[in-house]
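See below for the structure under consideration.
Per chain, numbering begins at 1; letters A, B, ... match sequence-line order. Worth knowing before you read on, the calculation uses all heavy atoms, side chains too, and leaves out hydrogens, waters and symmetry mates.
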There are 2 protein chains.
Amino acid sequence: MASVTIKDVAERAGLSVATVSRALSGRGHVSDAARTQSEQAARDLGYVASYNAASLASGRSKNIGMVVPWVNRWFFSTVIETASTVLAAEGYDLTLYYLGGGKRERDLVLSDFLLRKRIDGMLAVALELDDAERADLLRVGTPIVCIGGVIPGVSTVSIDDFAAARLATEHLVALGHRRIAHIGWEGAGDFALATTRQGGYADAVRAAGIEIVPALIALGGFTTQDGYAAAKRLLADPRLRPTAISAASDELAIGAITAARDLGLDVPRDVSVVGIDGHDLGDVFGLTTVDQHVRKQATRAATLLLRQLGQEPDTREPVHAEVTVELLVRSSTMAPRPQRSVTG
Amino acid sequence: MASVTIKDVAERAGLSVATVSRALSGRGHVSDAARTQSEQAARDLGYVASYNAASLASGRSKNIGMVVPWVNRWFFSTVIETASTVLAAEGYDLTLYYLGGGKRERDLVLSDFLLRKRIDGMLAVALELDDAERADLLRVGTPIVCIGGVIPGVSTVSIDDFAAARLATEHLVALGHRRIAHIGWEGAGDFALATTRQGGYADAVRAAGIEIVPALIALGGFTTQDGYAAAKRLLADPRLRPTAISAASDELAIGAITAARDLGLDVPRDVSVVGIDGHDLGDVFGLTTVDQHVRKQATRAATLLLRQLGQEPDTREPVHAEVTVELLVRSSTMAPRPQRSVTG
DNA sequence: CTGTTAGCGCTTTCAA
DNA sequence: TTGAAAGCGCTAACAG
């Protein structure tokens, strides 16, 4: 337990503590001899530097904080895995701040945990802040990179949600669908409709000269279960019965496919379903989707954050990187069957 | 940036640094007056203690390390969310060590990251170690609690995997099934068959006087895709065609259900499927399963770890807590239809 | 290139 | 109950 310190290494190597520190950390110039001896001594003793001491002295903690509203959803767990891998390769730890609890937990994380100088930078995943929270965070001065959501004034990696949903919906329109439902969630912020997936759906529908039917828009949660419930409502009601569903995420879409099957409907013969994500399970469900290249987004975000850490605080500038999405056609979409009558 | 230190708080409160430290951390006795003043001054100044400095001085870091082989699988993400919530409530951060990369990343985590005195304790999720790795970890002396897997000599929260799989399979046997397939993965360790889900399956089958057909046992990966592929193989081959499938996890089971549907088979009329987990999606798929109460397991594990941190190092003793599983019957299982002929 | 010397911000004896 | 003082283990000027 009385762990071996840098002092022990220095003694064994016959060097000063400072030289060993330089040799092992790679900061400052050291002779090859000194480096070799230091490394040898460290290895002999099984020396592992204390992060805390190093952090305290240097102000750098080699730790990134990641704030997530969920872990148990594909987008988030994929971002976590990817970012973790990228960061670990550069010697960074990843401390996870899960906002899943209530308002109190959230406040605690935002006001306390993140300020304790434990992290060098922060990856904010789909984090929506009010003005006060945002101001608080910015004041701290730690570099932040957002992914899956935008915080004004902060570096961001994202896709064009509006365009992604429009693309998905346009695919349905191009196949000849006219009664297209949307399953999604409420957008946040003032310009929600202009920037969100719901907005993209509406835009594509309108552009096709189709009237928007509010009853065909089901806004709710994010989970597969929510998608299942929404689709069941939509598809079971003979007055609504869409020929296609444009879902705001693959999880919602998979729920919709399952609901359709449970109603005895064939996908895509009776109803087409398209999602957004590029979910790993898309293959199994034959899901046509708009791939948002999540791993690429996460890699970019982590890389960007790392780069900002390397820059002087005052040279850091908010960067916006947008990843291009891609339509991935599988077997959950096709042209609608000719309908006898359509009840509006 | 020039952040406010405990010294600033002490000055404003008109107290010594030592007293403020005691007041704010709750260690040692302080008068009510001193406590109130310290807290007030801290609030006024927006003081947040530096974890690093506190850690260095006290040896406690208020940080738990969690080692996971996956994030993007239900069991793991659920454990992460649950443990994170429990730990945060006690003021602990959670640093995630994802072992997803290759052998090199794994070694790095096990030999470096975990030894840097950044964590007070460790939650090891389904971590399988060889003897050398185990010895290394134990030598460090940080309290460890395992979940979803056992490390000899280390505190563990788990279920009885063997019994869970036997229960699932017995349920099929009781319904009258005789051709029961198993989809799972290779067990590790010497006593694999005696302690794993595959073993439990085999035991139930044998106990029913049914001969074990190796071709009905599909061992492979852990994902829904793997379950899908395995089931498709099993169900498409007329020489094999089981009337029921006992899957080692709900994800495999969901894959199996999807495969069955794609083959035009009705679940449960044509084939029954049972899983193990209590997956959130079980409802949507009507999946009969053996609920292993993951959130309860995770809560126990986190609580147990916290308790061990409170004990003197030499009073700590490995504890084994076993959570009871429960059969949850939904609509993916039923009695087999009378068969004309069975080709063996 | 290397050693000496101060701390980093906090906790914790030890006296008072 | 409180304060003074001595570190925790490391890094970062500053000389040499």
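- In the model, T95(A) has a side-chain atom that pairs as donor or acceptor with a side-chain atom of T95(B) under 3.5 Å.
- In summary, the side chains of S16(B) and T19(B) do present a donor paired with an acceptor at a separation below 3.5 Å, with no hydrogens or angles considered.
- Using a 4.0 Å heavy-atom criterion, one finds that Y51(A) contacts no nucleic acid atom at all.
- The side chain of I6(B) lies closest to dT11(C), out of dT1(D), dG3(D), dT11(C).
- When distances are taken from the side chain of A34(A) to each of dC10(D), dC10(C), dT2(C), the shortest belongs to dT2(C).
- S31(A) has a side-chain polar atom (N or O) that falls below the 4.0 Å cut-off from OP1 or OP2 of dT2(C).
- Whole-Å rounding puts the N52(B) CG to dG9(D) P distance at 14 Å.
- Ranking dA12(D), dC10(C), dG3(D) by closeness to the R27(A) side chain, first place goes to dA12(D).
- When ring centroids are compared, F75(B) and W70(B) stay outside the 6.0 Å threshold.
- Spacing between atom CG of L15(B) and atom P of dC10(C) amounts to 15 Å, rounded to whole angstrom units.
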The test is salt bridge (Lys or Arg N to Asp or Glu O under 4.0 Å); show your working for D93(A) and R118(B) and say whether it passes.
CA-CA 10 Å; D93(A) 282 356; R118(B) 176 165 270 176; 2.8 Å; yes

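- Among the nucleotides dG3(D), dT11(C), dC1(C), the one closest to any side-chain atom of S21(B) is dT11(C).
- A residue-by-residue look at S58(B) and S55(A) shows that S58(B) has its nearest nucleotide of DNA chain D further toward the 5' end.
- In the set dT11(C), dG3(D), dG9(D), dG9(D) carries the atom at the smallest distance from any side-chain atom of L56(B).
- Between the NZ atom of K7(A) and the P atom of dT4(C) there is a distance of 13 Å, rounded to whole Å.
- Dashed line: the shortest gap from a side-chain N or O of T5(A) to OP1 or OP2 of dG9(D) is not under 4.0 Å.
- Atom NZ of K62(B) is separated from atom C1' of dT11(C) by 14 Å (rounded to the nearest Å).
- Protein atom CD of Q37(B) is 15 Å distant from nucleotide atom C1' of dG3(D), rounded to whole Å.
- L24(B) places its CG atom 16 Å from the P atom of dG9(C), with the value rounded to the nearest Å.
- Residue R60(B) is classed as a sugar-phosphate contact, given heavy-atom separations below 4.0 Å to backbone atoms only.
- A sub-4.0 Å separation between OP1 or OP2 of dC8(C) and a side-chain N or O of S50(B) is absent.
- A donor-acceptor contact closer than 3.5 angstrom is absent between the side chains of S158(A) and E322(A).
- Counting non-hydrogen atoms under 4.0 angstrom, A54(A) reaches the backbone sugars and phosphates but no base.
- Ranking dC1(C), dT12(C), dT11(D) by closeness to the R22(B) side chain, first place goes to dT12(C).
- If A18(A) and T19(B) are placed on DNA chain D by their nearest nucleotide, the residue sitting closer to the 5' end is T19(B).
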